[in-house]
Amino acid sequence: MANFTHFNDDGRAKMVDISNKNETARKAIARSSIQMNQIVYENITQQKIKKGDVLSVAQVAGIMAAKQTTSLIPMCHPIPISGVDLSFEWVHTDKEMYELLIDAEVKTVGSTGVEMEALTAASVTALTVYDMCKAVDKSMVIGQTYLLEKSGGKSGDYKR
């Protein structure tokens, strides 16, 4: 159990004590994606989805998710988020399939990182796209979600 920071000496869950950590500028960028057929892609890009502008709503959902991460992930510290930015990129994967890449960048100045906030933002953004488009096609696939990079803190920088 010594390698896991979220367990106490008795092997029970604990929230890591960050009171002695230095406050530094921290940033994390996470990626998720959602694959869809050409019909869904065209409905999104031509703004024909009845629930509204899919990417605008998904972007707001991702920002809200980053701010609520501590409510969703039990051992996450509530931290002041300095900024959240989501970006989208379309990839035409084959003849009739498209993938929406979702990057979520989260920043703070604090004693702990924002990796979980970035991962949560990217995930909820993909889920929101699914929710808004499921009436058109339920076979969309949410792809892998992973950390692209992080900076700041004692453990240093990371780039995938």
Side-chain angles (χ1 to χ4, degrees), residues 4-6 15-16 18 24-49 51-94 97-160:
F4 293 101
T5 59
H6 286 79
M15 187 176 208
V16 174
I18 60 170
T24 61
R26 297 161 185 267
K27 176 177 83 170
I29 303 173
R31 174 172 287 167
S32 191
S33 65
I34 183 166
Q35 296 174 346
M36 64 198 67
N37 63 31
Q38 186 169 349
I39 295 166
V40 177
Y41 165 77
E42 288 173 356
N43 273 271
I44 292 172
T45 58
Q46 295 170 18
Q47 302 227 0
K48 293 182 179 179
I49 298 293
K51 289 186 175 184
D53 181 343
V54 173
L55 298 186
S56 292
V57 173
Q59 191 164 20
V60 171
I63 292 167
M64 291 173 65
K67 295 177 0 177
Q68 292 299 315
T69 300
T70 189
S71 298
L72 300 169
I73 310 294
M75 300 303 168
C76 280
H77 292 84
I79 57 174
I81 293 177
S82 304
V84 180
D85 188 20
L86 284 118
S87 60
F88 303 103
E89 179 184 346
W90 287 106
V91 178
H92 189 170
T93 56
D94 67 31
M97 293 300 291
Y98 291 81
E99 182 173 29
L100 179 63
L101 301 179
I102 301 160
D103 287 357
E105 177 181 283
V106 180
K107 293 180 180 179
T108 192
V109 175
S111 302
T112 190
V114 285
E115 296 92 350
M116 294 309 300
E117 287 75 8
L119 289 160
T120 301
S123 299
V124 169
T125 301
L127 288 166
T128 301
V129 171
Y130 186 96
D131 177 58
M132 292 190 71
C133 300
K134 68 182 183 246
V136 177
D137 181 38
K138 291 176 180 42
S139 67
M140 293 173 285
V141 176
I142 294 174
Q144 294 180 339
T145 301
Y146 52 92
L147 185 67
L148 285 173
E149 64 182 80
K150 76 97 164 161
S151 61
K154 189 172 111 179
S155 67
D157 295 350
Y158 166 83
K159 283 194 180 218
R160 180 172 287 280

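Salt-bridge check for Asp85 with Lys107: failed, with every basic side-chain N at 4.0 Å or more from each acidic carboxylate O. With respect to Lys134 and Asp131, a salt bridge is recorded, a charged nitrogen being found less than 4.0 Å from a carboxylate O.
Separating the CD1 atom in Ile63 from the CD atom in Glu117 is a distance of 14.0 Å, to the nearest 0.5 Å. With rounding to the nearest 0.5 Å, the separation of CD in Gln38 from CG in Asp137 is 12.5 Å. Between the CD1 atom of Ile49 and the SG atom of Cys133 there is a distance of 4.0 Å, given to the nearest 0.5 Å. Interatomic distance, OG of Ser87 versus CD of Glu105, reported as 8.0 Å (0.5 Å rounding). Annotation: the span from Ile79 atom CD1 to Thr69 atom OG1 amounts to 8.0 Å, rounded to 0.5 Å.
Put simply, the side chain of Tyr146 never gets that close to the backbone of Leu119: no donor and acceptor are under 3.5 Å apart. Checking side-chain atoms of Lys150 against main-chain N and O of Gly156 turns up a donor-acceptor pair under 3.5 Å. Not one N or O on the side chain of Glu89 forms a donor-acceptor pair closer than 3.5 Å with the backbone of Leu101.
Under the 4.5 Å side-chain criterion, counting only non-hydrogen atoms from C-beta, Arg26 is not in contact with Val109. Residues Val114 and Lys27 form no side-chain contact, since every pair of their non-hydrogen atoms from C-beta on lies 4.5 Å or further apart. The side-chain heavy atoms of Glu115 and Tyr158, taken from C-beta on, include no pair separated by under 4.5 Å. Contact check for Asn37 versus Met97: side-chain heavy atoms found under the 4.5 Å cut-off. Side-chain contact between Tyr130 and Met36: absent, with no pair of heavy atoms (C-beta onward) separated by less than 4.5 Å.
Looking only at atom types and distance, the side chain of Ser33 has no donor-acceptor partner in the side chain of Arg31 under 3.5 Å away. With 3.5 Å as the limit, one finds a donor-acceptor pair spanning the side chains of Ser71 and Gln68. With 3.5 Å as the limit, one finds no donor-acceptor pair spanning the side chains of Lys154 and Thr24.
At most 12 heavy atoms of other shown residues, nucleotides or ligands fall within 6.0 angstrom of atom CD1 in Ile39. Residue Lys48 qualifies as open at atom NZ: its count of foreign heavy atoms under 6.0 Å is 12 or below. In Met64, the CE atom is not crowded: 12 or fewer heavy atoms of neighbouring residues, nucleotides or ligands sit closer than 6.0 Å. For CD of Gln46, the number of neighbouring non-hydrogen atoms (other residues, nucleotides, ligands) closer than 6.0 Å is greater than 12.
Contact record, Leu147 with Ile29: CD1-O, 3.4 Å, taken as the closest heavy-atom pair. Among all heavy-atom pairs drawn from Ala66 and Val84, the shortest one is CB-CG2, 3.9 Å. The minimum heavy-atom distance linking Thr120 with Ala65 is given by the pair CG2-O, 3.7 Å. Heavy atoms only, all atoms of each residue included: Val129 and Ala58 are closest at CG2-CB, 3.8 Å. Nearest heavy-atom pair across Ala28 and Ala118 is O-CB, 3.7 Å. The minimum heavy-atom distance between Ile34 and Ala126, with the atom names listed, is CD1-O, 3.8 Å.
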Inset, instruction - Quick one: do Val57 and Met132 satisfy side-chain contact (heavy atoms from CB on, under 4.5 Å)? Show the steps, please. - result: CA-CA 9 Å; Val57 173; Met132 292 190 71; 3.5 Å; yes
Inset, instruction - Assess whether side-chain contact (heavy atoms from CB on, under 4.5 Å) is satisfied between Thr125 and Ser32, documenting all intermediate values. - result: CA-CA 8 Å; Thr125 301; Ser32 191; over 6 Å; no
Inset, instruction - Report the C-alpha distance between Gln47 and Val54 in whole Å, list the side-chain angles of each, state the deciding distance to 0.1 Å, and finish with yes or no for side-chain contact (heavy atoms from CB on, under 4.5 Å). - result: CA-CA 8 Å; Gln47 302 227 0; Val54 173; over 6 Å; no
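Just one of Val40, Leu55, Ile44, Val91 meets the side-chain contact (heavy atoms from CB on, under 4.5 Å) condition when paired with Leu100; it is Leu55.
Classification of the Trp90-Tyr98 ring pair by plane angle, with boundaries at 30° and 60°, yields perpendicular.
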